[in-house]
Number of protein chains: 2
Amino acid sequence: MDWDNYRLILEIHRAGSIRAAAKQMGVDHSTISRRLSKLRQYLDDTVFEKTADGIGLTPAGQELLDAARQMEMIGFTADRRSKAHSNPERYKIRLSIPPSVCSLIVDDLKNFVIGNPDIELSLDSTFSRVDLDRSEADVVVRGTDNPPDHLVGRRLFPYFLCLYGQAEYLKKTDPEDYSWIYRDYEGEKPQWLLSSPYPDAPIGIKANDIVTRHNLAAEGLGLNCGACFMADPVPNLIRLEGVLPFRWEDFWVLTHPDLRKVPAIQKLMKFLSAALTKHRDLIEGRVPNPNHGE
Amino acid sequence: MDWDNYRLILEIHRAGSIRAAAKQMGVDHSTISRRLSKLRQYLDDTVFEKTADGIGLTPAGQELLDAARQMEMIGFTADRRSKAHSNPERYKIRLSIPPSVCSLIVDDLKNFVIGNPDIELSLDSTFSRVDLDRSEADVVVRGTDNPPDHLVGRRLFPYFLCLYGQAEYLKKTDPEDYSWIYRDYEGEKPQWLLSSPYPDAPIGIKANDIVTRHNLAAEGLGLNCGACFMADPVPNLIRLEGVLPFRWEDFWVLTHPDLRKVPAIQKLMKFLSAALTKHRDLIEGRVPNPNHGE
DNA sequence: CCATATTGGTGCATATACGCACCACCCAAA
DNA sequence: TTTGGGTGGTGCGTATATGCACCAATATGG
């Protein structure tokens, strides 16, 4: 029995269909189909059964799926611990960092990469919710007030938000026609909007990505609640009259306990703390745009 | 990462060499060599290292090996539980039974197989120590006084041993020249030998297999301590004068808890108990060879 | 010292698995 | 009904992996 069959079962179950599983595994769906056929005849066809809506598992297949899940977790753990033992002369680190924070410290990052040729840094901003337990990254920079308990790292300081608008937009638009840029949301309006100078202004453009909202605001498409460290350096984005920055989530630099003692990991985390601390005043909203008063 | 690589690491480590692992896995050694090469370059060569005596593991490789061992155990467990759910219309059972016991109840076994076409019985007498935890068998018949705690099943009754010799051997050989057939042993002589009529007779032929010793004794190559149920039915094998059968180990019919409730397993275990009980008098030494008195 | 057995590695012919294209099927919305 | 997007299955040419044959290197025993 090829142990990769466990992975096959797991991926097919997760994806829900052969084609989706194939896409996930980076192979053609015919390959998955044929592998499954072989597995079925090897196991006397007691794994999957065709149901009306997709693919279901037999009780026997459920047992194999449970095993596969456990194996996956064991594999992830082994990968991390294996990395912890690996050669310190050339260490690969996958860093997950929000794009906004990344662009803030990109110069420092550049210096870090140049100054540490022994560390092969791989930036990953694609996953909003990256999972260190699943070996999707080695270090994460995240803004949150509730980091996962089992991760280790440093809490830095909070970042502050404020309300912004493009200077021309604010000047040329009738305040009656102001509209907010916000995410596609359900339920009540957020507190900062209600206590803003324009609590009755409607939600205009919706965007779920914080960077997109920032860019939309900078282009003058509405009012936006954004991070100070993103908005304040932009000359034509100014804070709304009378609104003060307010504390939002804490910045954390986190890693997995298995990797804590790896020198390269420690070095990177120390650097990230220093790089962010260097911009602490900006992040905490103490460096407002000089155009503010206009 | 192909999960079968974990099995690769495990087998190479167990076997100690690439060729031995290949033999174990039923493929050519070149295949293993090439698979390992690929794995090494995938993992930056941090798994195995060549040492003076064979193949050693790096600390990173050790982590992967530990994972592989856990995966193996999970796989075995899943296999058992998967079997427990499988189609009751055609059930495969692997029965591990000592060859001696097998030949005793072979007629009954034949009837069982004929009478239960839904059960596909696979006899396995090759492993002296078969491991149910490792999915090497589903049911075992074993003579022991200390069955593994976690297995479940029935204790039947003890089998008895006695001391035997071929009739012609006993008649034509000077008792001064009698010799014992015994296993290749270390340490003290066993108690039954010391308290036998010929405690000073030397160990002649050595054989570790109980069936071989029985056959040797039946051919007249020495005295033997054997199971009553094996020796008593043989016409020219007679008990030594004045020696009474003595209790040895209990017979057990065992299976794994995961399989206990499978109907086919229950049916087989019930049959085995009945078949052995049918020969209880013979097994407990109450059917001596009628030639005994000669 | 040589003879022998065992180790891991490699070229080559072949067997196997793969991706691509296409098929039939199903279901939902137009 | 048609249309479109989804499913799983299959023939075919090709890429990959395998088995067999060798090889060199390394013990081990006579």
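The chains referred to below are lettered A, B, ... by the order of the sequence lines, with proteins before strands, and numbering in each begins at 1.
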Apply side chain to side chain contact (heavy atoms under 4.5 Å, CB included) to A:E72 and A:Y6, showing your working. CA-CA 9 Å; A:E72 187 189 37; A:Y6 289 103; over 6 Å; no
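- Rounded to an integer number of Å, the gap from NZ of B:K38 to C1' of C:dG8 is 19 Å.
- Straight-line distance from the CG atom of B:D4 to the C1' atom of C:dA17: 15 Å, rounded to whole Å.
- With rounding to the nearest 0.5 angstrom, the CD atom of B:E63 is 4.0 Å from the NE2 atom of A:H85.
- In this structure, B:L8 atom CG and D:dA17 atom P are separated by 13 Å, rounded to whole Å.
- Nearest-nucleotide positions on DNA chain C for B:S37 and A:T31 put B:S37 closer to the 5' end.
- No donor-acceptor contact under 3.5 Å links the side chain of B:R34 to the base of C:dG8.
- Backbone-only contact: A:R35 has heavy atoms under 4.0 Å from sugar-phosphate atoms and none from a base.
- Protein atom CD1 of B:I18 is 18 Å distant from nucleotide atom P of D:dA25, rounded to whole Å.
- If you take CG of B:D2 and P of D:dA17, they are 10 Å apart, rounded to a whole angstrom.
- With a 4.5 Å cut-off on side-chain heavy atoms, B:L109 and B:C102 count as touching.
- Judged purely by atom type and a 3.5 angstrom limit, B:D184 has no side-chain atom pairing as donor or acceptor with the backbone of B:N208.
- Remark: P of D:dC20 and CD1 of B:I32 are 14 Å apart, rounded to the nearest angstrom.
- For residues 211-226 of chain B, the pairs satisfying side-chain hydrogen bond (donor to acceptor under 3.5 Å, both in side chains) are B:D209-B:T212, with sequence neighbours left out.
- Here C:dG9 presents its P atom at 13 Å from CD of B:Q41, a figure rounded to the nearest Å.
- A:I12 has its CD1 atom 9 Å from the P atom of D:dG8, to the nearest Å.
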Would B:S30 and B:R34 satisfy side-chain hydrogen bond (donor to acceptor under 3.5 Å, both in side chains), going step by step from the backbone distance to the final call? CA-CA 6 Å; B:S30 59; B:R34 281 186 278 248; 3.2 Å; yes
Atom pairs, protein N/O to nucleotides 21-26 of chain C N/O, distance under 3.5 Å:
none

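- Out of D:dG11, C:dG8, D:dG19, the shortest distance to the side chain of B:V27 is found at D:dG19.
- The only option from B:L123, B:V262, B:D138 that meets the side chain to side chain contact (heavy atoms under 4.5 Å, CB included) definition with B:I93 turns out to be B:D138.
- OP1 or OP2 of D:dT7 sits under 4.0 Å from a side-chain N or O of A:S17.
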